[in-house]
Amino acid sequence: MKPVLNAAGTRRRLLLLGAALLPFAPAARADELLTFDGLYESVGVLGIRYSERARALRGQAVRMRGFMAPPLKPESRFFVLTRAPVSVCPFCASDAEWPVDIVVVYLRDTLAPVDFNRRVEATGRLEIGSWTDPNTGFVSQVRLVDAQVHEVGR
């Protein structure tokens with residue numbers, strides 16, 4: 001005859017089983033790392049086509065690594081993230097000097113500028129599609145919003 005477990009006994013066994021399996025559970029997934037190479041499928045005279053991965057991550061938290069372009073003012077709530085160090089202010093240069101694959105990062109809080117040749121990692125919610133900032137008139141194709149930033153190693 002099989003022993004009958006009451007609800008408390010069953011719950012206790014499930015908790016013990018769960019605790020035993022915990023080391024084998026997958027770790028909670030951190031925000032996806034999205035690279036500059038992973039943003040676009042194509043950019044050309046026919047327009048911009050975002051990559052399948054960028055479209056799938058739209059609205060989700062992602063991490064991107066790059067360099068902080070010199071900001072418009074010393075402490076700001078946004079900056080431009082670039083693939084490679086850029087020493088020119090995006091608002092002060094002609095579009096011939098400015099890279100195509102940039103990401104505008106809108107911060108949760110103000111941030112003092114980081115040296116333009118120091119690599120940073122920005123984490124925020126991914127937005128894609130043409131958008132004009134009503135405060136600055138700056139047009140962007142890719143943005144991280146509600147973002148946080150920290151310096152990373154080279």
Side-chain angles (χ1 to χ4, degrees), residues 14-15 17-154:
L14 287 174
L15 286 172
L17 178 62
L21 293 176
L22 193 58
F24 302 102
R29 197 171 84 182
D31 300 325
E32 291 281 338
L33 179 62
L34 182 61
T35 64
F36 283 93
D37 290 334
L39 291 175
Y40 302 106
E41 204 168 279
S42 64
V43 176
V45 293
L46 298 177
I48 293 173
R49 177 142 174 90
Y50 299 100
S51 71
E52 185 176 315
R53 183 152 189 258
R55 291 190 311 267
L57 291 171
R58 174 188 263 160
Q60 296 183 38
V62 299
R63 294 178 297 127
M64 289 195 74
R65 293 181 180 158
F67 299 87
M68 180 186 288
L72 186 58
K73 55 186 181 176
E75 293 213 1
S76 183
R77 290 197 66 156
F78 78 97
F79 70 93
V80 175
L81 186 71
T82 61
R83 173 192 304 256
V86 175
S87 59
V88 254
C89 159
F91 307 100
C92 310
S94 75
D95 55 358
E97 299 174 75
W98 198 239
V100 176
D101 56 351
I102 62 171
V103 175
V104 179
V105 179
Y106 289 95
L107 301 160
R108 286 183 187 167
D109 302 304
T110 56
L111 176 73
V114 174
D115 187 354
F116 76 91
N117 63 359
R118 301 289 307 215
R119 199 165 156 190
V120 297
E121 181 174 272
T123 303
R125 191 176 77 258
L126 179 65
E127 289 185 354
I128 59 175
S130 184
W131 183 74
T132 304
D133 185 311
N135 298 320
T136 64
F138 190 70
V139 178
S140 61
Q141 297 297 323
V142 179
R143 294 158 304 284
L144 293 182
V145 297
D146 198 26
Q148 294 183 307
V149 177
H150 66 273
E151 287 189 48
V152 293
R154 300 203 181 240

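Count residues from 1 along the sequence.
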task: Test Met68 against Leu111 for side chain to side chain contact (heavy atoms under 4.5 Å, CB included), laying out the working first.
output: CA-CA 11 Å; Met68 180 186 288; Leu111 176 73; 3.2 Å; yes
message: What verdict does the side chain to side chain contact (heavy atoms under 4.5 Å, CB included) test give for Val104 and Trp131, after you've listed the backbone C-alpha separation in whole Å, the side-chain angles of each residue and the deciding distance to 0.1 Å?
response: CA-CA 11 Å; Val104 179; Trp131 183 74; over 6 Å; no
- request: Could you go through the side chain to side chain contact (heavy atoms under 4.5 Å, CB included) check for Ile48 and Val43 one step at a time?
  value: CA-CA 5 Å; Ile48 293 173; Val43 176; 4.3 Å; yes
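By the ring-ring contact (aromatic ring centres under 6.0 Å, His included) test, Tyr40 is found to be paired with Tyr50, residues two or more places apart in sequence or in another chain being considered. Asp109 pairs by the side-chain hydrogen bond (donor to acceptor under 3.5 Å, both in side chains) definition with nothing, not counting sequence neighbours. The salt bridge (Lys or Arg N to Asp or Glu O under 4.0 Å) search around Arg77 returns none, not counting sequence neighbours. In terms of the side-chain hydrogen bond (donor to acceptor under 3.5 Å, both in side chains) criterion, residue partners of Arg49 (sequence neighbours excluded) are, by chain and number, Glu41. Remark: Arg55 engages no residue in a side-chain hydrogen bond (donor to acceptor under 3.5 Å, both in side chains) (not counting sequence neighbours).
Applying the salt bridge (charged side-chain N to carboxylate O under 4.0 Å, His left out) rule to pairs touching residues 141-150 yields Arg108-Asp146, Glu127-Arg143, sequence neighbours excluded.
Distance OG1/Thr123 to CG/Leu126: 12.0 Å, rounded to 0.5 Å. In this structure, CZ on Arg58 lies 15.5 Å from CZ on Arg53, to the nearest 0.5 angstrom. The CZ atom of Arg63 sits 8.5 Å away from the CD atom of Glu32 when rounded to the nearest 0.5 Å. Rounded to the nearest 0.5 angstrom, Arg65 CZ and Leu34 CG are separated by 12.0 Å. Put simply, CD1 on Ile102 and CZ on Phe79 are 11.5 Å apart, with the number rounded to the nearest 0.5 Å.
What you find for Ser130 and Val139 is that their closest heavy atoms are OG-CG1, 3.8 Å. Between Leu39 and Ala54 the shortest heavy-atom distance is O-CB, 3.6 Å. For the residue pair Leu81 and Met64, the shortest heavy atom distance occurs at CD2-CB, 3.8 Å. Residues Phe138 and Val80 approach most closely at CZ-CG2, 4.0 Å, considering heavy atoms. The heavy-atom pair separating Asn117 from Phe67 by the smallest distance is O-CE2, 3.7 Å. A pairwise comparison of heavy atoms in Ser51 and Gly38 identifies OG-O, 2.5 Å as the closest pair.
With a 4.5 Å cut-off on side-chain heavy atoms, Val62 and Asp31 do not count as touching.
Exactly one residue among Thr136, Val145, Thr110, Val105 makes a side chain to side chain contact (heavy atoms under 4.5 Å, CB included) with Phe78. That residue is Thr136.
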